[in-house]
Amino acid sequence: MRNEGRTRAEVLAELETRLGDDLTYASGRILGSMISAPHPFAEDVYRRYLEKNVGDPGLFPATAAIEEEAVGMLGSLLSHPGARGNVVSGGNEANLLALWAAREERASRGRRVIVPSTAHCSYDKAGRLLGLEIVHVGLDSAFRLDIDAVRAALDERTIALVGVAGSTDLGAVDPIEELSALALEHDLHLHVDAAFGGFVLPFLAELGLPAPAFDFALPGVSTITIDPHKMGLGVQPAGAILFRTASLQEHVRVEIPYLAGGRTTQTTVTGTRPGAAVLAVWAMMRHLGRAGYRDVVRRCLDLTRHLAARVREIDGVELAAEPILNIVGIRPTAVAVEVLGERLRRRGWALGQFPTHLRVVLLPHLSAREIEPFLADLARFARPGG
Ligand code: 0PR
């Protein structure tokens with residue numbers, strides 16, 4: 001830090017110039033992210049309440065009460081209005097809290113947790129932080145966790161299973177119903193990672209689409225991650241962790257006796273937490289209602305079908321899987337995926353890149369208008385000499 005300060009105008013001008021290197025959602029170039037531009041209403045709410053710290057609920061009891069209500073709304077979306085939980089910093093923290101509770105609940109049994117090979121890297125982080133052994137098992141032909149492989153991997157030290165409802169790479173939905181039965185049969189914690197799918201899957205049936213069961217309606221499901229800052233249209237940071245029972249959540253509770261707002265407890269990894277993000281989540285759910293989210297999902301899925309149909313027509317690429325959610329995997333057949341990825345990146349397209357395919361996530365900031373120039377580049381660069 002320099003000794004002399006600069007005027008606000010000078011600092012803002014410097015930021016304006018320097019941030020020109022960042023991509024923007026408005027440019028239509030961000031095709032592979034699970035985060036979208038903030039909804040204008042969420043942004044408005046967020047700006048108004050920047051001083052709220054929901055980590056000290058004694059100072060902000062009204063914000064804390066609204067957080068509880070938001071958790072109840074998320075619970076009702078996931079078939080369990082009585083679920084406990086918190087709005088947290090994102091899917092990483094939510095998954096960490098779930099595995100922390102799972103470890104405490106069955107501490108005497110062992111430390112093995114079975115996850116699909118495509119599980120998000122937050123499980124490896126959680127494994128290292130919590131001293132858990134994370135066992136990756138294979139997938140079936142539809143890129144879903146292979147239930148026979150889970151059975152084969154089970155042993156007496158296994159304490160938890162993770163199923164993903166909307167996988168990071170392809171939006172695949174693991175067989176949660178079978179996992180639920182297995183969890184009950186073997187007395188295991190079942191964590192469902194619906195970080196992305198949690199705001200999409202509940203609307204599929206109403207849109208006349210196949211809707212795999214994935215939530216608390218399945219009796220074996222213990223905890224669910226659902227991220228409002230992904231398809232919930234909240235402002236970052238806004239993930240959420242839901243526990244089926246209060247006693248399960250107790251495992252992650254810590255006492256804090258000295259706060260300005262008075263003695264309290266926390267059930268999150270972070271201490272100081274942005275109440276503004278929590279309020280924006282609540283406000284979006286109040287504002288849109290189920291019908292509003294259903295419309296968002298409908299638009300995103302329409303665009304998904306449009307992109308998938310166009311990809312099928314292009315020589316040199318194929319769909320990596322039939323899309324279930326608003327995620328499309330594009331697999332090159334004539335050049336290596338790294339080559340295609342690099343060519344498209346040089347043209348300014350920001351896609352997700354996985355070992356076998358490129359990922360497009362059809363979020364609300366995208367429309368057919370942005371997809372068109374991308375398809376033209378895709379058709380050109382998917383050719384060997386492109
Ligand atoms: N669970 C699943 C299934 C996820 O896909 C992700 C993140 C997480 C948990 C972790 O969520 P947080 O990042 O909120 O902690 N999925 C995105 C991904 O890895 C995260 C992301 C979003 C990355 C936007 C980049 C980006 O531009 O693709």
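As the structure lists them, so they are numbered: ligands from 1, and atoms in each ligand from 1. All values below were derived from every heavy atom in this structure, side-chain atoms included, with hydrogens, water molecules and symmetry-related copies excluded.
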Got the residues with a heavy atom under 4.0 Å of ligand 1, by chain and number?
-> Ser33, Met34, Ile35, Gly90, Gly91, Asn92, Asn95, His120, Gly166, Thr168, Asp193, Ala195, Asp227, His229, Lys230, Arg359
Between atom CG of Leu340 and atom CG of Leu378, what is the distance when rounded to the nearest 0.5 Å?
-> 6.0 Å
Here the pair of heavy atoms bringing Ala320 nearest to Leu170 is CB-CD2, 3.9 Å
List the atom pairs, with distances to 0.1 Å, where a side-chain N or O of residues 323-333 and a protein N or O form a donor-acceptor pair under 3.5 Å, not counting sequence neighbours.
{"unit_1": "Asn326", "atom_1": "ND2", "unit_2": "Leu362", "atom_2": "O", "d": "2.9"}
{"unit_1": "Arg331", "atom_1": "NE", "unit_2": "Glu318", "atom_2": "OE2", "d": "3.1"}
{"unit_1": "Thr333", "atom_1": "OG1", "unit_2": "Gly316", "atom_2": "O", "d": "3.2"}

If Ile, Leu, Val, Met, Phe, Trp and Tyr residues are connected whenever their side-chain heavy atoms lie under 4.5 Å apart, and connections chain through other members, are Val339 and Val337 in the same group?
-> yes
Compare all side-chain heavy atoms of Pro116 with those of Val137 and state whether any distance is below 4.5 angstrom.
-> no
So do the side chains of Asn86 and Arg273 get within less than 4.5 Å of each other, counting heavy atoms only?
-> yes
